[in-house]
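Shown next, in C-alpha cells, is the structure this report addresses.
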Amino acid sequence: MEPTEFPVNRALTVIGGKWRPQVYCALENGPKRFSELEREIPEINRKVLTDQLRELEQLGMVKRTEFPGKVLHVEYELTEEALTLQPTMKSLCKWGTGECGEEK
C-alpha cells in the first residue's frame with residue numbers, strides 16, 4: 001500500500017497544518033464572513049486565511065456563498081462532510097488540553 005493510500009493521510013490532508021484546525025473550529029458553529037474569521041483567528045494573515053479557505057473549499061470541506069446586493073458579501077461554512085469531523089476535532093482539542101491523560 002502506498003503511503004498516500006492510507007486513510008489517515010486523507011484525514012491529515014483535510015485537518016493538517018497550522019491553520020486548518022483553527023479555521024475548522026471557527027466555522028463549526030455556523031457560517032461566518034471573512035472579517036469574522038479574521039477576528040476569531042487574529043494571528044492569521046489575510047493571504048493565509050484566503051489560501052486556507054480556498055484549499056478547504058477545493059477539498060469539499062468549506063462552502064463559499066456569495067450574497068449579491070449593493071455590497072457583495074460572502075459567507076463561509078462547513079459542508080456536511082466537514083461536520084462529520086466534529087467529534088474527532090473535539091477529541092483532538094480535549095487531548096490538546098491534557099484532559100485525556102492517564103487516570104491517577
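If you're wondering where the values come from, they're calculated on a predicted model, not measured in any experiment.
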Under the side chain to side chain contact (heavy atoms under 4.5 Å, CB included) test, residues paired with Glu80 that sit two or more places apart = Leu83

side-chain hydrogen bond (donor to acceptor under 3.5 Å, both in side chains) contacts in which one or both residues fall within residues 11-20, not counting sequence neighbours | Arg20-Gln52, Arg20-Glu55

For Arg33, all residues meeting side chain to side chain contact (heavy atoms under 4.5 Å, CB included), sequence neighbours excluded | Ser35, Glu36, His73, Glu75

Take Val74 and Thr65 through the test side-chain contact (heavy atoms from CB on, under 4.5 Å) and record every step on the way to the result.
-> CA-CA 6 Å; Val74 176; Thr65 305; over 6 Å; no

Are Val48 and Leu59 joined in one hydrophobic group, where the rule is that I, L, V, M, F, W and Y side chains link up if heavy atoms are under 4.5 Å apart?
-> yes

Could you tell me which residues satisfy salt bridge (charged side-chain N to carboxylate O under 4.0 Å, His left out) with Glu81, sequence neighbours excluded, listed by chain and number?
-> Arg10

When rounded to the nearest 0.5 Å, the distance separating CD1 of Ile15 from SG of Cys25 is 9.5 Å

Under the side chain to side chain donor-acceptor pair (under 3.5 Å) test, residues paired with Glu28 that sit two or more places apart | none

Determine whether Tyr76 and Val23 make a side-chain contact, defined as any pair of heavy atoms from C-beta on separated by less than 4.5 Å.
-> no

What one should report as the nearest heavy-atom pair of Gly16 and Pro21 is O-CD, 4.4 Å

Glu77: what forms a side chain to side chain donor-acceptor pair (under 3.5 Å) with it, not counting sequence neighbours?
-> none

Gap separating the NZ atom of Lys90 from the CD atom of Gln86, nearest 0.5 angstrom | 4.5 Å

Kindly write out the residues that satisfy side chain to side chain contact (heavy atoms under 4.5 Å, CB included) with Val71, not counting sequence neighbours, or none if the list is empty.
-> none

Using the test side chain to side chain donor-acceptor pair (under 3.5 Å), find all partners of Arg54 that sit at least two apart in sequence or belong to another chain.
-> none

Mind checking side chain to side chain donor-acceptor pair (under 3.5 Å) for Asp51 and listing every partner two or more places apart, or none if nothing turns up?
-> Lys47

Establish whether Leu12 and Met89 are linked, either directly or via other cluster members, by ILVMFWY side-chain heavy-atom contacts under 4.5 Å.
-> no

Nearest-0.5 Å distance, CG of residue Leu37 to CD1 of residue Ile44 = 8.5 Å

Glu38 meets the salt bridge (charged side-chain N to carboxylate O under 4.0 Å, His left out) criterion, sequence neighbours left out, with Arg46

Considering residues at least two apart in sequence or located in another chain, which fulfil the salt bridge (charged side-chain N to carboxylate O under 4.0 Å, His left out) criterion with Arg64?
-> Glu66

Using 4.0 Å as the upper bound for N to carboxylate O, is an ion pair formed by Lys63 and Glu57?
-> no

Applying side chain to side chain contact (heavy atoms under 4.5 Å, CB included) to Ala82 and not counting sequence neighbours gives Tyr24, Met61, Leu78, Thr79

